[in-house]
Amino acid sequence: MQQSAIAVSAIRYAVLLITLCLSVPICLAQTQGKSTRADVAELLKKHDEALNQHNLEGLLALYAPSPKTVMLGTGPGEKFQGKAEIKTAYTEIFKDFDKGTLTHSCYWKDGGGSGTMVWGAAMCKFADAKGEKKREYELNVSTVAEKQGGKWQFVLMHYSNLVGNAPKQ
């Protein structure tokens with residue numbers, strides 16, 4: 001009887017130990033997941049603030065230095081690869097709206113990733129102004145970021161908007 005009580009007690013401790021050992025990676029993954037989401041959300045926030053303020057250097061600092069880093073637009077030829085071309089793209093984008101007038105609201109967002117790579121996608125309504133002329137438009141935005149040197153940086157940014165008539169729903 002005493003041996004069976006010791007065996008049951010040993011099994012309980014073993015189960016407890018195994019449960020704790022299995023829980024540590026899950027807790028770490030959840031912590032890393034929350035941390036990653038917060039880091040990427042901060043990266044996107046920095047992008048939006050720098051874009052609104054026409055802060056070219058701030059925007060470029062958010063992109064990975066690789067010559068394969070790319071920003072894509074909607075139409076043919078709207079591929080800006082490497083920091084020099086991305087800089088040119090943002091310089092042109094700044095001409096479309098006045099500093100401090102850009103606002104947006106995203107009505108759908110999703111994302112994921114693992115390790116050092118994450119992705120995000122959103123459908124957003126934007127508004128801005130150039131002089132007295134205000135405009136509203138919608139964009140689909142997708143991005144891939146990679147953690148390099150301890151910080152997240154974009155390796156892909158893609159903006160697209162509807163050209164032509166909206167599809168019937």
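Values below: all heavy atoms of this structure, side chains included; hydrogens, waters and symmetry mates excluded. If you're wondering where the values come from, they're calculated on a predicted model, not measured in any experiment.
Residue W119 is grouped with residue V70 when hydrophobic side chains (ILVMFWY) are merged at heavy-atom distances under 4.5 angstrom, including chains of intermediate members. V141 and M123 sit in two unconnected hydrophobic clusters of ILVMFWY residues. Membership requires side-chain heavy atoms under 4.5 Å apart, directly or through other members. Hydrophobic clustering (side-chain heavy atoms under 4.5 Å, transitive across Ile, Leu, Val, Met, Phe, Trp, Tyr) groups L56 together with I93. Both L102 and I86 belong to a common hydrophobic cluster when Ile, Leu, Val, Met, Phe, Trp and Tyr are linked at side-chain heavy-atom distances under 4.5 angstrom. Following chains of ILVMFWY side-chain contacts shorter than 4.5 Å, one cannot reach L72 starting from L51, and the two form parts of different hydrophobic clusters.
For the atom pair CG (D39) and NZ (K151), the distance works out to 12.5 Å, reported to the nearest 0.5 Å. Between the CH2 atom in W152 and the CG atom in L62 there is a gap of 14.0 Å [rounded to 0.5 Å]. Summarising the geometry, atom CD belonging to E85 is positioned 14.0 Å from atom OH belonging to Y90; distances are rounded to the nearest 0.5 Å. Here the CD-CG distance, from E132 to D98, works out to 9.0 Å after rounding to the nearest 0.5 Å. Atom CD of Q148 is separated from atom OG of S66 by 7.5 Å, given to the nearest 0.5 angstrom. Atoms NZ and CG, on K125 and L139 in that order, are 12.5 Å from each other to the nearest 0.5 Å.
In this structure the side chain of T143 reaches within 4.5 angstrom of the side chain of L44, judged on heavy atoms. You'll find the side chain of F154 reaches within 4.5 Å of the side chain of L43, heavy atoms only. The side-chain heavy atoms of N52 and K99, taken from C-beta on, include no pair separated by under 4.5 Å.
Sorted by first and then second residue, the ring-ring contact (aromatic ring centres under 6.0 Å, His included) pairs involving residues 123-147 (not counting sequence neighbours) are H104-F126, F126-Y137.
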| said: Could you go through D128 and K134, starting from their C-alpha distance and side-chain angles, then the distance that decides it, and tell me whether this counts as side chain to side chain contact (heavy atoms under 4.5 Å, CB included)? | reply: CA-CA 6 Å; D128 59 29; K134 294 181 180 183; over 6 Å; no
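At distances below 3.5 Å, not a single donor-acceptor pair connects side-chain atoms of H158 with backbone N or O atoms of A121. A donor-acceptor pair under 3.5 Å is formed between the side chain of E78 and the backbone N or O of G75. Under the 3.5 Å distance criterion, the side-chain polar atoms of K83 are matched with a main-chain donor or acceptor of Y63. Side-chain N or O atoms of Q53 include none that pairs as donor or acceptor with a backbone N or O of E49 at under 3.5 Å. One N or O on the side chain of K130 and one on the backbone of K95 form a donor-acceptor pair closer than 3.5 Å.
The two atoms that bring P65 and Q153 nearest to each other are CD-OE1, 3.7 Å, heavy atoms only. Of all heavy-atom pairs between S160 and T74, the closest is CA-OG1, 3.0 Å. Counting all heavy atoms, side chain and backbone alike, R135 lies closest to D96 at NH2-CB, 3.4 Å. Shortest non-hydrogen contact noted between M71 and A89 is CE-CB, 3.2 Å. A pairwise comparison of heavy atoms in N161 and E138 identifies CB-O, 3.3 Å as the closest pair. Scanning all heavy atoms of the two residues, the minimum distance from V155 to A64 falls at CG1-CB, 3.8 Å.
Ring pair F94/F97 is perpendicular by interplanar angle, where above 60° counts as perpendicular and below 30° as parallel.
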